[in-house]
Participant: 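Please find one structure pasted underneath; my questions will follow.
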Amino acid sequence: MFRLEARTSTPGWFNLALPLLAIGATLVLCSGLIALAGAGVIEAYGVMFSASLGDSYAITETLVRATPMIFTGLAVAVAFRAKFWNIGAEGQLLAGAVASCAVGAIPMPGPLAMLLMAAAGAAAGAAVALVPATLRVKFSVDDVVSSLLLNSVIFYALMALIEGPWKDTFSGYPISPPIEDSANFPVLLEGTRLHLGVVAAFLAAPVIWFLIARTTLGFRIRVIGENPEAARYGGIHVERVLISTALLSGALAGLAGVGEVGGVHFQVMSDISPGYGYSGIVVAMLARLNPLGVVPAALFLAAVMTGAEAMSRATGVPAFLSDVIQGTALLAMLVALLFTAYRIRRVGTAK
Amino acid sequence: MSVVLEQIFQVGFLAAIIRIATPLAFATLGEMFSERAGVLNLGIEGIMLLSAMTGFTATSLSGSLWLGVLAAVVTGALMSAVHALFTVALGLSQHVCGIGVTLFSSGLAYFLYRLIFGQQSVPPSIKSFETLPIPVLSDIPVLGPAVFNQFSLVYMAMAAVPLAAFVLYRTPWGLSVRMVGENPRAADSAGVGVIATRFQAVILGGALMGLAGAFLSMVQFNAFTFGLVSGRGWVAIALVVFGRWDPWRSAGAALLFAFVDALQLRMQASGLGHIPYEAFLMLPFIFTIVAMAVMSRNAVAPSALLKPFRREER
């Protein structure tokens, strides 16, 4: 017989082993779908791997795609640490994209434009995140539902813009006018799409880690998440910290939108985000809400997304496999997390 | 104002409200059962989408509409059983599991749909249900053609509301559901199987969500499209709060939302040209958020909502 036994501490290597276990289980589970589509499992995963990590260009593409998910992953990790259930990173990303696009279209010196785009995008994302946080603090509205509903509102607002005042009058397509050339983020490697925002994302992760692990605000965020009663007793203004968390989380998600506008698309269209906000939840959970872990987790999902398209072209397996992999990875990670709370013990084998 | 009133008392407008309310009523009742037993099911959005896909596919391949409905119901029940496995049996976070179920189900729905139907320029469609006029009642002026000349699934939704109220408030099982949602410890002492009851309620809820998905792909649109559910599941979760976890109030909330939605559709069509149509599309969502802000203070959720139950924790 086996019995679950409560665990008091978890060894450090769990932080690496559990996500790897979850990812391994996910790939095994999803291989059934590849077989169902009539393709070779090894071949399909092989194409996925070589198309996302096989050569230096593929690696830069994966890095570019990981960038928005590093930001949304950080946004979700920060929020979930405080048990602020921000499922609205998608809407906050879109708001950030719209705001940075509006600023980027104003002629001004490049560096200034980029700084102002980042500021505007972060502010817009923070403003959107403020809504569910305020509703929770003032009206005790569930933050999950309000942040989810808000995603639809923001999306329609974006559509109204690009089908209305921002519509391309020349082509008639629902896309915004491009930002100024000088506002385009500089490309770091000739011949690739590796832009300045990628570096910003990689720098953001340790900064947020420092903020969470080593500063007073970070301490407060962790405490109100783990034990709001104790936090209140200890003189922490829980509501105020919750609002700060929301602003920080929203700003990070907004920056994801800034990077997509400044470094990848240079304008706003309806499909500027293929669900990067929701992927952020998967990233944050795979990272165990650790900001440093967000980077490899985002790289994994980015590799899957980049690789899935090539795999689809080569083998005919629908590229939607990457969406299934994301969902499965999230569920597998949750199950794997059981090992942090429990250990399986063998007790007196039943004959 | 009189124009608005004229619009409201049109047969077509009333029928539109009923049709918009039907999937919401199924979904809201489904979520309500789950939450009354203490389990928030954020998988609803994906479960509806996957059910819509399987229902559509089963009908498309077999030619039988009812087989499609059955497939959707079974899909909804199965996927919510997965949610129950994670949240009830393993006691994992209901928030994150629900999102996981939604991401997984949506991905699977798109994947399987693309696998079965390929990429077609014109999405395949099915011949949907015919309306089923109820004798005598359908002859009532205005109300008759709008309410009593509807699809069988609409009548099922109408019947589901009193039935859900009866099951929840007047049967021993309903009492168990309410007990495990309010005070699982006491329910356990009274000999009610907490885990089993929660599983049953979540699965029943999932079956209802499956009906909601079936209605969308098989009656409302006659096709499966990628934006088919587009937030209706999230709205249903809000409507449960708005309906204070009660079948009648939840159905009322679904009707009220459908009224707002039908009204915005009319306003779009009536050519208020200077206002972008997206503003109207937003309206039901903003309405729902505001309604939640107004209602949430007085709303009392089931006490054990979001709390996993483990017997040994005393």
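Each chain gets a letter, A, B and so on, in the order its sequence line appears, and its residues count up from 1.
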Participant: Is B/L92 close to chain A through its backbone or its side chain, or both, or neither, when contacts mean heavy atoms under 4.5 Å?
Facilitator: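 It is the side chain, since no backbone atom gets that close.
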Participant: Please name the residue in the list A/C30, A/P318, A/S322 that meets the side-chain contact (heavy atoms from CB on, under 4.5 Å) test with B/F111.
Facilitator: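 With B/F111 as partner, A/C30, A/P318, A/S322 yield a single side-chain contact (heavy atoms from CB on, under 4.5 Å), made by A/P318.
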Participant: For the atom pair OG (B/S93) and CG (A/L334), what is the distance rounded to the nearest 0.5 Å?
Facilitator: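 So the gap between those two atoms works out to 6.5 Å.
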Participant: Between B/Y113 and chain A, which part of the residue has a heavy atom less than 4.5 Å away: side chain, backbone, both or neither?
Facilitator: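 The answer is neither part of B/Y113.
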Participant: How far does CD1 of B/I99 sit from CE of A/M285, to the nearest 0.5 angstrom?
Facilitator: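 If we round to the nearest 0.5 Å, B/I99:CD1 and A/M285:CE are 11.0 Å apart.
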Participant: Which answer fits B/V294, side chain, backbone, both or neither, if we ask what part of it has an atom under 4.5 Å from a heavy atom of chain A?
Facilitator: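 Neither the backbone nor the side chain of B/V294 comes within 4.5 Å of chain A.
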Participant: Rounded to the nearest 0.5 Å, how far does CG of B/L103 lie from CG of A/L331?
Facilitator: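 With rounding to 0.5 Å, CG (A/L331) is 8.5 Å from CG (B/L103).
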Participant: Select one option (side chain, backbone, both, neither) describing which atoms of A/V131 are under 4.5 Å from chain B's heavy atoms.
Facilitator: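 Neither the backbone nor the side chain of A/V131 comes within 4.5 Å of chain B.
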Participant: Does anything in residues 237-245 of chain B reach chain A? List residues with heavy atoms under 4.5 Å apart, or say none.
Facilitator: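 Listed by number: B/I237, B/A238.
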Participant: Tell me which of these, A/Q326, A/E163, A/M333, has more heavy-atom pairs under 4.5 Å with chain B than the rest.
Facilitator: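 Top option by heavy-atom pairs under 4.5 Å: A/E163.
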Participant: Quick one: of B/F104, B/Y277, B/W234, who has the most non-hydrogen atom pairs under 4.5 Å with chain A?
Facilitator: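 Of the options given, most contacts go to B/W234.
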Participant: Quick check on B/Q119: does its CD atom have over 12 non-hydrogen neighbours (other residues, nucleotides or ligands) under 6.0 Å away?
Facilitator: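 No, not enclosed.
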Participant: Look at A/A157, A/S152, A/G164, A/A319 and state which one has the largest set of heavy-atom pairs under 4.5 Å with chain B.
Facilitator: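 Heavy-atom pairs under 4.5 Å are most numerous for A/S152.
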Participant: Given that the side chain runs from C-beta out, which part of A/L337 has a heavy atom under 4.5 Å from chain B: side chain, backbone, both or neither?
Facilitator: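 Contact with chain B involves no heavy atom of A/L337 at all.
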Participant: So, taking the atom named CZ in B/R114 and the one named CZ in A/F320, what distance separates them when rounded to the nearest 0.5 Å?
Facilitator: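 Answer for the CZ-CZ pair, B/R114 versus A/F320, is 4.5 Å.
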Participant: Is there any residue in residues 34-49 of chain B with a non-hydrogen atom under 4.5 Å from a non-hydrogen atom of chain A, and which ones are they?
Facilitator: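 Counting heavy atoms that sit under 4.5 Å from chain A, the residues of residues 34-49 of chain B involved are B/L42.
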Participant: If you draw a 6.0 Å radius around CZ in B/F117, do more than 12 non-hydrogen atoms from other residues or ligands fall strictly inside?
Facilitator: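 Enclosed.
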Participant: May I ask you to name which of A/I154, A/L321, A/D323 has the most heavy-atom pairs under 4.5 Å with chain B?
Facilitator: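 The option with the most such pairs is A/L321.
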Participant: Please walk me through it: do B/V96 and A/F80 pass side-chain contact (heavy atoms from CB on, under 4.5 Å)?
Facilitator: CA-CA 10 Å; B/V96 189; A/F80 281 19; 4.2 Å; yes
Participant: With a 4.5 angstrom heavy-atom cut-off, could you sort out which part of B/F86 is near chain A: side chain, backbone, both or neither?
Facilitator: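 B/F86 touches chain A through side-chain heavy atoms alone.
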Participant: If I compare all heavy atoms of A/Y156 with all of B/E278, which pair ends up nearest, and what's the gap?
Facilitator: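 Scanning both residues completely, I find the closest heavy atoms to be O-CB, 3.3 Å.
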Participant: Using atom types as modelled, flag every donor-acceptor pair under 3.5 Å from a side chain in residues 224-233 of chain B to any protein atom, sequence neighbours excluded.
Facilitator:
{"unit_1": "B/S230", "atom_1": "OG", "unit_2": "B/G227", "atom_2": "O", "d": "3.3"}
{"unit_1": "B/R232", "atom_1": "NH1", "unit_2": "B/L228", "atom_2": "O", "d": "2.9"}
{"unit_1": "B/R232", "atom_1": "NH1", "unit_2": "B/V229", "atom_2": "O", "d": "3.3"}

Participant: Which residues in residues 138-150 of chain A have any heavy atom lying under 4.5 Å from a heavy atom of chain B?
Facilitator: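 Against chain B, the residues of residues 138-150 of chain A that fall inside the cut-off (heavy atoms, under 4.5 Å) are A/K138, A/F139, A/S140, A/V141, A/D142, A/V144, A/V145, A/S146, A/L148, A/L149, A/L150.
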